[in-house]
Amino acid sequence: MENTKNTFFNLAVQAAELNPATNKAQRTLIDNVTAESPILRDIPFEKASHPYHNVFERLTDATGIDTVELDGPLPELSSNSQIDQINLTPLGGRLTFGEDRAKAYGSKENYLTQKIPPTMRKSGQRIEKTLFMSNFLGSCVRFGKAYSCTDNPADTADYSAMVAITWTPGEVTGLFSPLPYAEPRVGKVFETKWLSGGNVYDDLQPQKNGTFVKTPSYGAYVKTMIGMQIENGDKVAALVNIAIAEAKPRAWLRHGNRTNQPYITNPEDREFFSRTPATNESGL
């Protein structure tokens, strides 16, 4: 059965299909940025109200339905709310490469085509780390819903964290910019542009000795707009400062000569998930 729920992946694919001329190139970008990023790919997203921000209504108080006696009076339904907005965030990166590399691949376009897929896959993993730390875990801290599993966490110890989120339309959701649904960006989920008009320019390139030298180069950037709206503290919670050394997971990973490493889906994330932010009122 086709997956029709609103996720970043599905909304991006729907938008890309609006422009047959760019659909194939856009699908390559979308597929690669979500290939190794299940969080970005599958969490619920909604179209934002505007290209660069989302206007929403925050419920501050409500009186709802209740049980009553047969033929008894029904309670009045009421609610108070306020209008607010949250800005979307640019999601993208810049790729710079020397003129000689471009010539080795036949053209700057050929080199960019070869370089984009692995770059986008790596970018997706970085995005997930930002979502976890800044949005998911950060929101738990903001609402006072981050609970420490260790009384006196030590700076030198390794800790992990676990976040629980109830996705709720209009309150707790990802935000997808409507830019690719209208001209002049129709179908272009990711905006791709050459720097300096696609011409060669001098760029500081790193050398083996650690210095930087001006080198004739090409450059391009890839960018889109997304957001994360977490505006209900009852829908998020986190357990933090979980001592990794005391955990006894059922599965283990073997890395070379190292054994007894806690199981983590992506080994590259171990260092990231082993540390949590500074202390706060929730005990994080």
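Cation-pi geometry between Lys235 and Trp167 is not satisfied (NZ or CZ under 6.0 Å from the ring centre, within 45° of the ring normal). The side-chain tip of Arg94 does not point at the ring of Tyr221 from less than 6.0 angstrom away and within 45° of straight on.
Classified by interplanar angle (parallel below 30°, tilted 30° to 60°, perpendicular above 60°), the ring pair Phe97/Trp194 is perpendicular. The aromatic rings of Phe8 and Phe190 lie perpendicular to each other, with more than 60° between the two planes, well past the 30° mark.
At least one donor-acceptor pair under 3.5 Å links the side chain of Ser37 to the backbone N or O of Gly124. Ser177 contributes a side-chain N or O that, together with a main-chain N or O of Leu179, makes up a donor-acceptor pair within less than 3.5 Å. Checked by atom type and distance alone, the side chain of Glu128 pairs as donor or acceptor with a backbone atom of Leu40 at under 3.5 Å. Here the side chain of Thr224 pairs a donor or acceptor atom with the backbone of Val189 at under 3.5 angstrom. A donor-acceptor distance shorter than 3.5 angstrom exists from the side chain of Ser49 to the backbone of Val55, with no hydrogens or angles considered. A side-chain donor-acceptor contact under 3.5 Å links Asn32 to the backbone of Thr28. Judged purely by atom type and a 3.5 angstrom limit, Thr211 has no side-chain atom pairing as donor or acceptor with the backbone of Gln207.
In Lys115, the NZ atom is not crowded: 12 or fewer heavy atoms of neighbouring residues, nucleotides or ligands sit closer than 6.0 Å. Residue-environment remark: CG (Asp151) stays at or below the threshold of 12 foreign heavy atoms within 6.0 Å. Counting heavy atoms of neighbouring residues, nucleotides and ligands inside a 6.0 Å radius, atom NZ of Lys108 exceeds 12 of them.
If you check the side chains of Gln229 and Asn54, you find a donor sitting under 3.5 Å from an acceptor. In the model, Thr150 has no side-chain atom that pairs as donor or acceptor with a side-chain atom of Asn241 under 3.5 Å.
Under 4.0 Å is where a charged nitrogen must lie from a carboxylate oxygen, and between Glu191 and Lys193 at least one such pair does.
In this structure, CG on Leu29 lies 5.0 Å from CE on Met120, to the nearest 0.5 angstrom. One distance of note links CD of Gln85 with NE2 of His53; it measures 4.5 Å at 0.5 Å rounding. Asn135 contributes atom CG, which lies 5.5 Å from atom CD1 of Ile230 (distance to the nearest 0.5 angstrom).
Hydrophobic clustering of Ile, Leu, Val, Met, Phe, Trp and Tyr side chains at less than 4.5 Å, counting indirect connections, keeps Tyr111 apart from Tyr201. No chain of hydrophobic side-chain contacts below 4.5 Å, direct or via other Ile, Leu, Val, Met, Phe, Trp or Tyr residues, connects Leu88 to Val222. Residues Val13 and Val186 share a hydrophobic cluster, clusters being chains of Ile/Leu/Val/Met/Phe/Trp/Tyr side chains in contact below 4.5 Å. Under the 4.5 Å side-chain heavy-atom criterion for Ile, Leu, Val, Met, Phe, Trp and Tyr, Leu91 and Val33 are members of the same hydrophobic cluster. Linking ILVMFWY residues whenever their side-chain heavy atoms come closer than 4.5 Å, directly or via other members, places Leu95 and Tyr105 in the same cluster.
Side-chain contact between Thr130 and Ile127 is absent, with no heavy atoms from C-beta onward closer than 4.5 Å. Looking only at side-chain heavy atoms (C-beta outward), Pro178 and His50 stay at 4.5 Å or farther from each other.
The two residues Ile43 and Phe136 have their closest heavy-atom pair at CD1-CZ, 4.2 Å.
Arg126 pairs by the salt bridge (Lys or Arg N to Asp or Glu O under 4.0 Å) definition with nothing, not counting sequence neighbours.
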